[in-house]
Amino acid sequence: MEQIVPAYRGKPQAEKLMFIYSNTFYNLGDYYLAGYQFERFVSSYPLSEKVEEAAYKGAKSYYFLSPRYSLDQTDTYVALEKLQAYINRFPEGEFLPEANKDVAELTNKLEKKSFEIAKQYYHIEDYKAAIKSFDNFILDFPGSEFRMDAYFLRLKAAYDLALRSVNYLVPERLEAAKGYYNSFNRYYSESERKAEADLILQDIEERLQNKQV
């Protein structure tokens with residue numbers, strides 16, 4: 001194909017050959033080159049009957065390049081951008097259901113990475129960083145399956161931060177933790193974490209009461 005394609009550039013057969021050429025990389029699992037070649041095809045032949053398939057396979061190539069959640073997610077962001085471009089261009093497209101499934105899977109991967117980073121801050125007892133990371137997570141992923149745990153662990157991080165603070169900062173930080181309890185309780189008053197959250201609140205209120213005596 002590498003020898004044939006240049007000979008037909010600018011000729012009527014070039015469109016078909018360019019699609020086959022791009023698809024060859026795709027089928028061989030060389031997704032960097034597949035994504036690049038499919039993008040070239042879409043740009044060069046926007047009216048082709050194969051343009052939708054090329055647009056989706058180009059985006060799907062980046063999907064395959066997305067690594068497991070614990071690694072750098074640069075390729076995941078690129079894949080989401082390409083898949084969304086396909087969805088926007090072909091809202092009734094043949095590959096729309098699969099594209100939506102790909103987007104959901106990649107988004108979940110980003111959610112998990114962000115959540116695990118916040119959890120890691122909590123486990124190494126960097127509670128300020130944990131609180132900020134959980135704040136960002138809740139803002140960035142409002143529909144996440146990890147949202148309840150994020151609200152609860154943010155409460156725990158704030159509570160633990162208060163307990164490990166110098167005396168004059170304790171009341172203020174206990175009040176902040178109480179605010180995080182209220183946020184948790186607003187959304188998850190029926191969750192399995194409720195009992196533990198209530199125990200934290202009880203201890204917060206007792207400590208605040210003792211400070212006032």
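Quantities reported herein were computed from a predicted structural model and do not represent experimental measurements.
When the side chains of ILVMFWY residues are joined at heavy-atom separations under 4.5 Å, either directly or via intervening members, Leu106 and Tyr69 end up in two distinct hydrophobic clusters. Grouping the Ile, Leu, Val, Met, Phe, Trp and Tyr side chains by contacts below 4.5 angstrom, directly or via other members, places Tyr77 with Phe137. In this structure, Leu201 is a member of the same hydrophobic cluster as Leu163, with clusters built from ILVMFWY side-chain heavy atoms closer than 4.5 Å. Under a hydrophobic clustering in which Ile, Leu, Val, Met, Phe, Trp and Tyr are joined whenever their side-chain heavy atoms come within less than 4.5 Å, directly or via other members, Val170 and Tyr180 fall into the same cluster. Hydrophobic clustering (ILVMFWY, side-chain heavy atoms < 4.5 Å, transitive): Phe19 and Tyr32 are in one cluster.
With a 6.0 Å radius and a threshold of 12 heavy atoms from other residues, nucleotides or ligands, Glu116 has its CD atom above the threshold. Atom OH of Tyr188 has more than 12 neighbouring heavy atoms from other residues, nucleotides or ligands inside a 6.0 Å radius.
Hydrophobic cluster membership for Tyr121: Ile117, Ile124 (Ile, Leu, Val, Met, Phe, Trp, Tyr linked by side-chain heavy atoms under 4.5 Å, directly or transitively). Within the hydrophobic cluster formed by Ile, Leu, Val, Met, Phe, Trp and Tyr side chains joined at under 4.5 Å, directly or through other members, Val166 is accompanied by Tyr168, Leu169.
Between the CG atom of Leu96 and the CG atom of Asn100 there is a distance of 4.5 Å, given to the nearest 0.5 Å. Atoms CG and CG, on Asp30 and Leu65 in that order, are 9.0 Å from each other to the nearest 0.5 Å. Annotation: the span from Ser66 atom OG to Asp102 atom CG amounts to 10.5 Å, rounded to 0.5 Å. Taking CD from Gln37 and OG from Ser44, the interatomic distance works out to 9.5 Å, rounded to the nearest 0.5 Å. Note: Glu52 CD to Phe95 CZ = 6.0 Å, rounded to the nearest 0.5 Å. In this structure, CD in Glu125 is found 11.0 Å from CG in Leu161, a value given to the nearest 0.5 Å.
Contact of the Ser22 side chain with the Lys50 side chain is not registered, since no non-hydrogen atoms from C-beta on lie closer than 4.5 Å. Side-chain atoms of Leu110 and Leu80, non-hydrogen and from C-beta on, do get closer than 4.5 Å to each other. In this structure, Asn108 and Glu145 have side chains that are in contact, with non-hydrogen atoms separated by less than 4.5 Å. The closest side-chain heavy-atom distance from Phe38 to Lys60 is not below 4.5 Å. Looking at heavy atoms from C-beta onward, Leu208 lies in side-chain contact with Glu175 at the 4.5 angstrom threshold. With contacts defined as side-chain heavy-atom distances shorter than 4.5 Å, the pair Tyr62/Leu83 does not qualify. Counting heavy atoms from C-beta on, the side chains of Arg89 and Val51 come closer than 4.5 Å. Side-chain contact between Leu71 and Lys113 is absent, with no heavy atoms from C-beta onward closer than 4.5 Å.
Taking each heavy atom of Lys109 and Pro67 in turn, the nearest pair found is NZ-O, 2.8 Å. Taking all atoms of both residues into account, the shortest heavy-atom contact from Glu111 to Phe141 is CG-CD2, 3.1 Å. Here the closest non-hydrogen pair linking Val42 and Ala55 is CG2-N, 3.7 Å. Scanning both residues, Ala79 and Tyr63, for their nearest heavy atoms gives CB-N, 3.6 Å. Considering every non-hydrogen atom in both Ile204 and Ala177, the closest pair reads CD1-CB, 3.8 Å. Taking both residues in full, the closest heavy atoms of Ala158 and Ile131 are given as CA-CD1, 3.6 Å, listed atom of the first, atom of the second, then distance.
Between Glu190 and Lys194, none of the side-chain N atoms (NZ, or NE/NH1/NH2) sits under 4.0 Å from a carboxylate O, so this pair counts as no salt bridge. Under 4.0 Å is where a charged nitrogen must lie from a carboxylate oxygen, and between Asp160 and Lys156 no such pair does.
Every residue was checked against the side-chain hydrogen bond (donor to acceptor under 3.5 Å, both in side chains) condition with Lys112, not counting sequence neighbours, and none meets it. Applying the ring-ring contact (aromatic ring centres under 6.0 Å, His included) test to Phe64 and every residue at least two apart in sequence or in another chain returns Tyr31. Here Glu39 pairs with Lys82 under the salt bridge (charged side-chain N to carboxylate O under 4.0 Å, His left out) rule; sequence neighbours left out. Residues passing the ring-ring contact (aromatic ring centres under 6.0 Å, His included) test with Tyr159, sequence neighbours excluded: none. Take Tyr127 and apply the ring-ring contact (aromatic ring centres under 6.0 Å, His included) test, not counting sequence neighbours, and it matches Tyr122. Residues passing the side-chain hydrogen bond (donor to acceptor under 3.5 Å, both in side chains) test with Tyr151 are Arg147, sequence neighbours excluded. By the ring-ring contact (aromatic ring centres under 6.0 Å, His included) test, Tyr86 is found to be paired with Tyr56, Phe90, residues two or more places apart in sequence or in another chain being considered. Evaluation of the side-chain hydrogen bond (donor to acceptor under 3.5 Å, both in side chains) rule for Ser165 yields Arg173 as partners, not counting sequence neighbours. Under the rule for a side-chain hydrogen bond (donor to acceptor under 3.5 Å, both in side chains), Lys119 has no partner lying at least two apart in sequence or in another chain.
A distance-only check finds no donor-acceptor pair linking the side chain of Asn185 to the backbone of Tyr181 [under 3.5 Å]. Here the side chain of Gln73 pairs a donor or acceptor atom with the backbone of Arg68 at under 3.5 angstrom. Remark: side-chain polar atoms of Lys57 are not paired, donor with acceptor, to backbone N or O of Tyr26 under 3.5 angstrom.
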- Message: Run Gln202 and Asp198 through side chain to side chain contact (heavy atoms under 4.5 Å, CB included) and show every step you take.
- Response: CA-CA 6 Å; Gln202 180 181 341; Asp198 286 346; over 6 Å; no
- Message: Show, in sequence, the C-alpha distance, side-chain angles and deciding distance for Met148 and Glu192, and conclude whether the side chain to side chain contact (heavy atoms under 4.5 Å, CB included) test is met.
- Response: CA-CA 10 Å; Met148 185 270 287; Glu192 65 270 20; 3.3 Å; yes
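Glu206 and Asn210 form no side-chain donor-acceptor contact under 3.5 Å, judged by distance and modelled atom types alone.
Applying the salt bridge (Lys or Arg N to Asp or Glu O under 4.0 Å) test to residues at least two apart or on different chains, the pairs with a partner in residues 129-138 are Asp135-Arg154.
Between Phe146 and Phe115, the angle of the ring planes stays under 30°, which puts this pair in the parallel group of the 30/60° scheme.
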